[in-house]
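Quick note on labels: first sequence line is chain A, next is B, and so on, each numbered from 1.
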2 protein chains.
Amino acid sequence: MPPHSRTAARPMRADARRNYDRILAAAAEAVAEHGAEASLEEIARRAGVGSATLHRHFPSRQLLLEAVFRDKVEALCATAAGLAAEPDPGQALANWLGAVARHVVTNRGLAASLMRGAHDGDPSLGATCHTMITDAGADLLARACRANAVRRDVSITDLLKLVNAICLAVEHEPDGAAQADRLLTLALTGVHPKAGSSWATG
Amino acid sequence: MPPHSRTAARPMRADARRNYDRILAAAAEAVAEHGAEASLEEIARRAGVGSATLHRHFPSRQLLLEAVFRDKVEALCATAAGLAAEPDPGQALANWLGAVARHVVTNRGLAASLMRGAHDGDPSLGATCHTMITDAGADLLARACRANAVRRDVSITDLLKLVNAICLAVEHEPDGAAQADRLLTLALTGVHPKAGSSWATG
DNA sequence: GCTTAAATGGGGTGGCCCTCCGGTTCTGTG
DNA sequence: CACAGAACCGGAGGGCCACCCCATTTAAGC
């Protein structure tokens, strides 16, 4: 869904489109500063828009977050597509999960948004980013599975849940990015000493 | 700190103690229903107490949560002490982490509370449960480490962060307990197929 | 330019957290 | 028992928030 049309039938009015864009920009700023719980009223204020207008364009917080993060998530999906040609499927999956973690850690609110999208699976309520990323990862996992690099009983939902959980856990720490990478590698390789060291997430 | 004394010097007045207990009971109910974000005003209402009284007894939400969960955390620490005599140190650690996960999943708000306690390490602001559990686990980890069952570069903070993160991620799902157990086992053993299957978290 | 449907935003409602302060209740001392 | 002082209480109020209603404004198509 391109951001500047409502349905295929009727295009948005010019002023509505302008306000939509302003709200989105203001929301990106505010979320970067205050995370997923940023005040909607402040976003409206920054956008120079009444609060009712914000609620009309984005009936729920989740929908607004989805719109804010859509392009980042698309970039992640593109990364997945690029990694699909890697020679080592297991490494490709690990790399991608690491990339996801890096995106999630550096974009405050993304983790909360993706996880919120996860449990209410209704796309009309704003789970599209979650499904996009799930679909993108599913291929990488399938390839890794065929190459016998990953257990059969692991689903892409499991792995992404792990990534999100880790990122959420370290979100408020100063060295979040480093910790997330460490914990993700740990989770992928396990705690046992002789576990393979070939699972770096770079 | 026993709940019915303020300092060693002066005991609490009878009415204050009564209100303290009522608030705690009401908070336990409310948190069980609505999680760590339960409304403080509703807790005061249920306890039949003015909101000011609640804030006087528990100056911050975190302190209230700590009080609510203190006995559960103590039980967990006792479990750790009991497991310290297990023949297989690695298994003992895994079992305990599983027990932690089970407690955290079945007590809404505990995960958020422990994690909040984690990043502001100031005990006066309510990080005591976090440090209690960390200390209890440290021994189990040290033993497992000496038995060469766990990598040297893994800290108990890492492991508990993992457990908490997983529980937080599955908190809003219907089969949370089962998922948490699955994901924890996955994180401990790693995703590779030939990883040891001896790391069940039962 | 004019009509009309779409879009707007100020203001209201109800909720939340937290603090102040006048009134109340307990406690131990005379 | 009576009482004074300290400890404690809780309603009221301020600041902030999400969300909705509806009179008013504005863009789009003729």
Side-chain angles (χ1 to χ4, degrees), chain A residues 3-27 29-31 33-68 109 112-113 116 120 125-126, chain B residues 3-27 30-31 33-68 109 112-113 116 125-126:
Chain A
H4 296 146
S5 64
R6 181 168 316 135
T7 68
R10 277 201 197 78
M12 263 173 118
R13 236 170 68 170
D15 55 346
R17 180 199 133 138
R18 190 158 28 89
N19 282 337
Y20 183 101
D21 289 348
R22 280 187 186 169
I23 292 171
L24 214 50
E29 275 183 37
V31 169
E33 288 174 22
H34 304 110
E37 308 299 317
S39 157
L40 299 181
E41 283 209 339
E42 195 199 316
I43 292 173
R45 227 176 293 133
R46 282 200 209 197
V49 148
S51 65
T53 300
L54 187 150
H55 280 92
R56 200 173 315 110
H57 281 293
F58 303 99
S60 82
R61 179 184 294 274
Q62 178 61 22
L63 255 6
L64 176 57
L65 290 173
E66 293 268 331
V68 166
S113 171
R116 192 175 314 229
D120 41 82
L125 264 72
Chain B
H4 297 146
S5 64
R6 180 166 321 132
T7 68
R10 277 198 197 80
M12 264 173 115
R13 233 171 71 172
D15 54 347
R17 180 198 132 135
R18 190 155 32 85
N19 281 336
Y20 183 102
D21 288 348
R22 280 188 187 169
I23 292 171
L24 215 49
V31 168
E33 288 174 19
H34 304 111
E37 307 300 317
S39 158
L40 299 180
E41 284 208 338
E42 194 199 316
I43 292 173
R45 228 176 293 133
R46 281 199 210 197
V49 148
S51 64
T53 300
L54 186 149
H55 282 93
R56 201 173 314 109
H57 282 293
F58 303 98
S60 80
R61 165 180 248 106
Q62 179 61 22
L63 255 7
L64 176 57
L65 291 173
E66 292 269 331
V68 166
S113 172
R116 192 175 315 228
L125 265 71

Please state whether the rings of B:Phe58 and B:Tyr20 are parallel, tilted or perpendicular, taking 30° and 60° as the class boundaries. tilted
Are A:Asp15 and A:Arg18 packed together at the side-chain level, in the sense that at least one heavy-atom pair is separated by less than 4.5 angstrom? yes
OP1 or OP2 of C:dT8 sitting under 4.0 Å from any side-chain N/O of A:Asn19? yes
In terms of side-chain heavy atoms of B:His57, which of D:dC9, D:dA28, C:dC18 is nearest? D:dC9
Testing the basics here: between B:Ala30 and B:Ala38, what is the closest heavy-atom pair and its distance to 0.1 Å? O-CB, 3.8 Å
5'-most contact on DNA chain C (nearest-nucleotide basis), B:Arg18 vs B:Glu37, goes to B:Glu37
Ignoring the backbone of A:Ser51, work out which of C:dA7, C:dG11, C:dT19 is nearest its side chain. C:dG11
Would you tell me if any nitrogen or oxygen in the side chain of B:Arg56 comes within less than 4.0 Å of OP1 or OP2 on D:dC8? no
Distance check: side-chain N/O of A:Arg17 vs OP1/OP2 of D:dA28, anything under 4.0 Å? no
By nearest nucleotide on DNA chain C, pick out whichever of B:Pro59 and B:Asp15 is the more 5' one. B:Pro59
How is B:Arg61 classified with respect to the nucleic acid when contacts are heavy atoms under 4.0 Å: base, sugar-phosphate, or nothing? sugar-phosphate
What does B:Ala52 touch in the nucleic acid at a heavy-atom separation under 4.0 angstrom: a base, only the sugar-phosphate, or nothing? base
Evaluate B:Leu24 against B:His57 for side-chain contact (heavy atoms from CB on, under 4.5 Å), listing each step before the verdict. CA-CA 10 Å; B:Leu24 215 49; B:His57 282 293; over 6 Å; no
Rounded interatomic separation in angstrom, taking CD1 from A:Ile23 and P from D:dC19: 14 Å
Return the CZ to CD1 distance between A:Arg22 and A:Ile43, rounded to the nearest 0.5 Å. 15.5 Å
Side-chain N or O of A:Arg13 less than 4.0 angstrom from OP1 or OP2 on D:dT26? no
Across the strands shown, which category fits B:Ser39 at heavy-atom distances under 4.0 angstrom: base, sugar-phosphate, nothing? sugar-phosphate
Which nucleotide sits closest to the side chain of B:Thr53: D:dC9, C:dT19, C:dC17? D:dC9
Per B:His55 side chain, nearest of listed nucleotides D:dA6, C:dC18, D:dT26: C:dC18
